[in-house]
Amino acid sequence: VPDADLLIRLAEELDTTSAALLGPEVPPEAERGGTAEQLARIAEQLAVKNRRARRIWKIAAGVLIAFAAIFYGCIDWMMGLITGPISARGIELIYTAMSEALMTKFKVALIAGVVVASPVIIWQLWRFIKPALYPHERKLFRLLFFVALILFLIGVVFCYFAVYFLAVDFFLISGENLATPMLSIDKYVSFLFGFLLPFGVAFQLPVFMFITTRMGWTNANSLASKR
């Protein structure tokens with residue numbers, strides 16, 4: 001028959017080894033509290049994901065509605081405005097694929113739909129960014145965003161009415177004695193947007209300079225030395 005003292009010592013050593021391997025015993029109240037905290041974190045994460053999904057769906061719905069309204073309402077007027085600089089010079093646009101004209105209309109309507117739905121897009125982005133900003137940062141962000149939007153539109157309008165017509169004349173005159181222009185509608189629209197958008201981005205230079213100066217990356221003396 002084993003000694004009773006020996007059995008007690010073995011049991012104590014086994015308890016010590018188990019405690020070292022498994023850690024201290026957690027009270028039931030602490031286990032319930034930890035489980036509740038984990039469930040709360042999971043619920044919060046799910047709520048954040050649901051809010052993001054709703055924002056994305058609202059943006060997609062706004063763009064889709066604007067796209068449909070433009071495509072079925074005023075796409076012919078927009079295409080006439082876009083092709084005006086070429087049509088005024090007696091050049092007819094062509095298409096070299098069965099779906100090229102239709103897909104070009106789709107592309108123009110989609111870009112215009114994004115522009116028309118920009119208030120919805122901006123509002124959803126603002127609701128996403130706003131909680132991470134301090135009150136003074138929110139005021140500055142609203143001001144800079146408004147200024148950047150106005151400067152972008154000014155750049156696009158300036159390019160279309162003051163630069164693009166001159167560029168069209170320049171390219172047409174350059175190839176006048178070389179070949180007959182046969183411009184594809186898709187490539188012409190791509191050329192137009194590729195011409196307008198860089199001007200809109202270039203007009204963001206004052207905002208970019210203000211941000212870099214505010215963050216300490218540049219200063220008035222360094223900018224003046226690069227003139």
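Values reported hereafter were calculated over all heavy atoms of this structure, with side chains retained and with hydrogens, waters and symmetry mates removed. Each residue takes its place number in the sequence, starting with 1.
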Let me check something: do W57 and V116 share a hydrophobic cluster, defined by ILVMFWY side-chain heavy atoms less than 4.5 Å apart, either directly or through other members?
no
CD1 of I86 to CZ of F165, rounded to nearest 0.5 Å, is 10.0 Å
Pairs satisfying salt bridge (charged side-chain N to carboxylate O under 4.0 Å, His left out), at least one member in residues 155-171, at least two apart
R89-D169
Within the 4.5 Å heavy-atom criterion, are R54 and R51 side-chain neighbours or not?
yes
Can you name the residues that form a side chain to side chain contact (heavy atoms under 4.5 Å, CB included) with Y95, not counting sequence neighbours?
E100, A101, I185
Minimum-distance pair of heavy atoms, taken over all atoms of V189 and T104
CG2-CG2, 3.6 Å
Interatomic distance, NZ@K139 vs NE2@H136, rounded to 0.5 Å, equals 10.5 Å
Using 0.5 Å steps for rounding, measure from the CZ atom of F106 to the CG atom of L102.
4.5 Å
Would you kindly confirm whether V114 and I56 end up in one hydrophobic cluster when ILVMFWY residues are joined by side chain heavy atoms under 4.5 Å apart?
no
Under 3.5 Å donor-acceptor, S190 side chain and K187 backbone:
no
Rounded to the nearest 0.5 Å, what separation is found between the CG atom of L125 and the CZ atom of F145?
7.0 Å
Sequence neighbours left out, what passes side-chain hydrogen bond (donor to acceptor under 3.5 Å, both in side chains) with Y160? Give chain and number order.
none
Are V115 and F67 connected into the same hydrophobic cluster when the rule is that any two of I, L, V, M, F, W, Y join if their side-chain heavy atoms are below 4.5 Å apart?
no
Let me check something: do W77 and I70 share a hydrophobic cluster, defined by ILVMFWY side-chain heavy atoms less than 4.5 Å apart, either directly or through other members?
yes
Can you name the nearest heavy-atom pair linking F193 to V108, along with the distance?
CE1-CG2, 4.3 Å
Do the non-hydrogen side-chain atoms of L166 and F170 ever get within less than 4.5 Å of each other?
no
Check the surroundings of atom CG in L46: do more than 12 heavy atoms from other residues, nucleotides or ligands lie under 6.0 Å from it?
yes
ILVMFWY cluster membership beyond Y134 - transitive side-chain contacts under 4.5 angstrom:
none
Taking only residues two or more places apart in sequence, or in another chain, which ones meet V147 in a side chain to side chain contact (heavy atoms under 4.5 Å, CB included)?
L143, L151, V207
Results of ring-ring contact (aromatic ring centres under 6.0 Å, His included) for F152 - residues two or more places apart only
none
Holding to salt bridge (charged side-chain N to carboxylate O under 4.0 Å, His left out), I want the full list of residues that pass it with K107, two or more places apart in sequence or in another chain.
D186
Indicate the atoms forming the closest heavy-atom contact of G113 with A66, along with that distance.
O-CB, 3.5 Å
Restricting to side chain to side chain contact (heavy atoms under 4.5 Å, CB included), what partner residues turn up for S87, sequence neighbours left out?
T83
I91 versus P181, closest heavy-atom pair with distance:
CD1-CG, 3.9 Å
May I ask you to list the residues sharing a hydrophobic cluster with M182, side-chain cutoff 4.5 Å, ordered by chain and number?
I94
Nearest 0.5 Å please: distance from the CG atom of L81 over to the SG atom of C74.
10.5 Å
Should I111 and V120 be counted in the same cluster of Ile, Leu, Val, Met, Phe, Trp and Tyr side chains packed under 4.5 Å apart?
no
Not counting sequence neighbours, list each pair that qualifies as a salt bridge (charged side-chain N to carboxylate O under 4.0 Å, His left out) and has a residue in residues 62-76.
D76-K105
With sequence neighbours excluded, what pairs up with F141 under the ring-ring contact (aromatic ring centres under 6.0 Å, His included) test?
W126
Here the gap from F203 atom CZ to C159 atom SG, rounded to the nearest 0.5 Å, amounts to 9.0 Å
Nearest non-hydrogen partners of G155 and F199, listed with the distance:
O-CB, 3.7 Å
Quick one: list whatever passes ring-ring contact (aromatic ring centres under 6.0 Å, His included) with F191, sequence neighbours left out.
F171, F195
